[in-house]
Amino acid sequence: MQYGIGTYIRALTESLSETSGVTVFLINYHSRYSREFSIRQESSSYQIEMPSPVSYKWDDDSEKKYATIIVTALSAIILQFDRVIFHVNFMDGLSILTALKLRYKHPAAWQSLFSGNKKRRDQLNDMPPGTAHAAKLFAQEKRLYELSDLIISVTGYMKDFLEERYSLDPKKITVIPNGLNYRRFQVCTDGEKRDLKARLGFASFEKIVLFTGRIDQCKGIDFLIDAFEEACSRENNLRLVIVGEGRIESMIQKPGFMIYGNSLRLLCRL
């Protein structure tokens with residue numbers, strides 16, 4: 001559920017579950033929530049927990065064996081379906097995807113490692129020996145892309161990046177922006193907005209810029225704050241609200257900012 005994947009999976013599952021003739025299986029391998037294999041049904045979806053073996057070793061050979069066991073177990077469950085789509089969310093699913101390919105004959109790591117810095121990513125081959133692990137991860141990610149029948153990118157920018165940097169066939173990459181179930185929300189009236197602003201301590205004339213998500217350098221928080229400071233030099237009725245968990249402590253290094261509160265931590269421009 002880290003890195004926003006929980007929100008994505010929940011929205012995707014809700015949407016697919018409402019589609020006639022579709023059954024959704026949520027497979028949590030290396031599960032930390034269950035010590036035994038289990039299947040739980042929720043409406044038209046199933047959640048499968050597959051824990052790691054007690055004596056599991058985190059190496060390539062162990063991961064391949066573990067993947068084979070998972071695919072064998074899944075085969076007994078999904079054989080009743082004619083058309084099956086496997087949707088993999090992390091590059092550590094390479095072993096799983098490889099095992100699936102072997103059985104069925106069919107079927108964005110750089111951002112985390114380098115905080116979204118493309119220049120550092122491009123200089124990978126010139127890096128010192130201590131970065132061999134990063135090179136291995138990139139190779140695994142490229143192989144994962146190659147084995148996939150379809151790659152879903154949430155932005156056109158990332159699609160272009162995959163085509164250019166990983167030499168992938170553009171025909172196997174499609175762009176589907178993150179969706180939102182509007183039925184879970186409602187549009188506020190002007191009066192409701194004024195009341196809400198008042199309750200939260202904002203003036204009615206103030207314009208609020210909201211960021212919600214993981215507070216991390218790779219999310220561009222520094223750029224957001226710099227841009228907001230520039231905007232404040234032109235207008236004095238702006239407020240920036242940052243909501244989320246993560247490395248918020250790093251923000252106090254910027255001049256003119258402070259964090260206050262315990263259970264509710266807020267970032268304020270002095």
Side-chain angles (χ1 to χ4, degrees), residues 1-53 63-64 66-109 111-112 140-141 143-156 158-159 162 168 171-186 212-214:
M1 305 299 284
Q2 59 184 343
Y3 301 117
I5 195 65
T7 302
Y8 169 76
I9 290 178
R10 181 169 60 251
L12 180 63
T13 301
E14 289 178 355
S15 177
L16 291 175
S17 297
E18 295 177 359
T19 304
S20 176
V22 174
T23 302
V24 180
F25 291 89
L26 299 177
I27 304 164
N28 184 17
Y29 57 91
H30 283 309
S31 173
R32 295 174 296 175
Y33 307 104
S34 177
R35 299 184 62 180
E36 296 183 356
F37 173 84
S38 64
I39 302 178
R40 185 174 73 252
Q41 181 178 3
E42 296 179 359
S43 184
S44 59
S45 66
Y46 297 81
Q47 182 159 333
I48 301 177
E49 300 287 340
M50 293 185 163
S52 302
E63 187 62 28
K64 290 178 181 178
Y66 177 72
T68 301
I69 294 173
I70 286 182
V71 173
T72 300
L74 291 178
S75 298
I77 300 171
I78 66 176
L79 283 178
Q80 56 182 306
F81 299 95
D82 295 327
R83 299 180 62 190
V84 181
I85 297 175
F86 294 98
H87 181 62
V88 181
N89 287 294
F90 289 112
M91 68 176 176
D92 58 9
L94 177 59
S95 297
I96 305 295
L97 186 56
T98 303
L100 288 170
K101 283 285 191 177
L102 290 174
R103 176 171 290 270
Y104 292 98
K105 309 298 182 184
H106 176 73
Q111 292 170 306
S112 298
Q140 289 178 345
E141 186 177 38
R143 183 58 179 157
L144 182 66
Y145 290 143
E146 292 171 344
L147 286 173
S148 300
D149 294 308
L150 178 69
I151 300 169
I152 299 175
S153 173
V154 298
T155 64
M158 191 60 185
K159 178 179 185 294
L162 292 176
L168 298 176
K171 294 181 180 179
K172 70 181 299 182
I173 308 174
T174 186
V175 177
I176 303 178
N178 284 331
L180 192 64
N181 186 351
Y182 289 107
R183 289 174 298 180
R184 298 181 60 186
F185 306 92
Q186 64 180 20
T212 175
R214 189 174 82 258

Intermediate values then yes/no, side-chain contact (heavy atoms from CB on, under 4.5 Å), Ser17 and Thr19:
CA-CA 5 Å; Ser17 297; Thr19 304; over 6 Å; no
Taking it one step at a time, do His87 and Ile152 satisfy side-chain contact (heavy atoms from CB on, under 4.5 Å)?
CA-CA 10 Å; His87 181 62; Ile152 299 175; 4.3 Å; yes
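At a threshold of 4.5 Å between non-hydrogen side-chain atoms, the residues Thr174 and Ile151 do not count as touching. In this structure, Val154 and Ile176 have side chains that are not in contact, with every pair of non-hydrogen atoms separated by 4.5 Å or more. Residues Val175 and Met158 have side chains not in contact (no heavy-atom distance under 4.5 Å, counting atoms from C-beta outward). Using a 4.5 Å cut-off on side-chain heavy atoms (C-beta onward), Arg143 and Leu147 make contact. Two residues are said to be in side-chain contact when any heavy atoms from C-beta on lie closer than 4.5 Å; Val88 and Leu100 fail this criterion. Put simply, the side chain of Leu74 reaches to within 4.5 Å of the side chain of Ile48, judged on heavy atoms. Two residues are said to be in side-chain contact when any heavy atoms from C-beta on lie closer than 4.5 Å; Thr13 and Ser15 fail this criterion. Side-chain contact between Tyr29 and Ile96: present, with at least one pair of heavy atoms (C-beta onward) separated by less than 4.5 Å.
Between Arg183 and Glu18, at least one side-chain N (NZ, or NE/NH1/NH2) sits under 4.0 Å from a carboxylate O, which counts as a salt bridge.
Between the Ser75 side chain and the Val71 main chain, a donor and an acceptor come within less than 3.5 Å of each other. The main-chain N or O of Gln41 is never found under 3.5 Å from a side-chain atom of Ser45 such that the two would form a donor-acceptor pair. Looking at Lys172, its side chain does come within 3.5 Å of a backbone N or O of Ser148 through a donor-acceptor pair.
A 6.0 Å sphere centred on NZ of Lys64 holds no more than 12 heavy atoms belonging to other residues, nucleotides or ligands.
With sequence neighbours left out, the ring pair (Phe, Tyr, Trp, His ring centres under 6.0 Å) criterion links Tyr46 to Phe25. Here His30 pairs with Tyr56, Trp58, Tyr66 under the ring pair (Phe, Tyr, Trp, His ring centres under 6.0 Å) rule; sequence neighbours left out.
Rounding to the nearest 0.5 angstrom, the gap separating the CG atom in Leu168 from the OG atom in Ser153 is 11.0 Å. The distance from atom CD of Gln47 to atom OG of Ser38, rounded to the nearest 0.5 Å, is 8.0 Å. In this structure, CG in Leu26 is found 12.0 Å from CD1 in Ile39, a value given to the nearest 0.5 Å.
Neither side chain, Ser34 nor Glu49, offers a donor N or O lying under 3.5 Å from an acceptor on the other.
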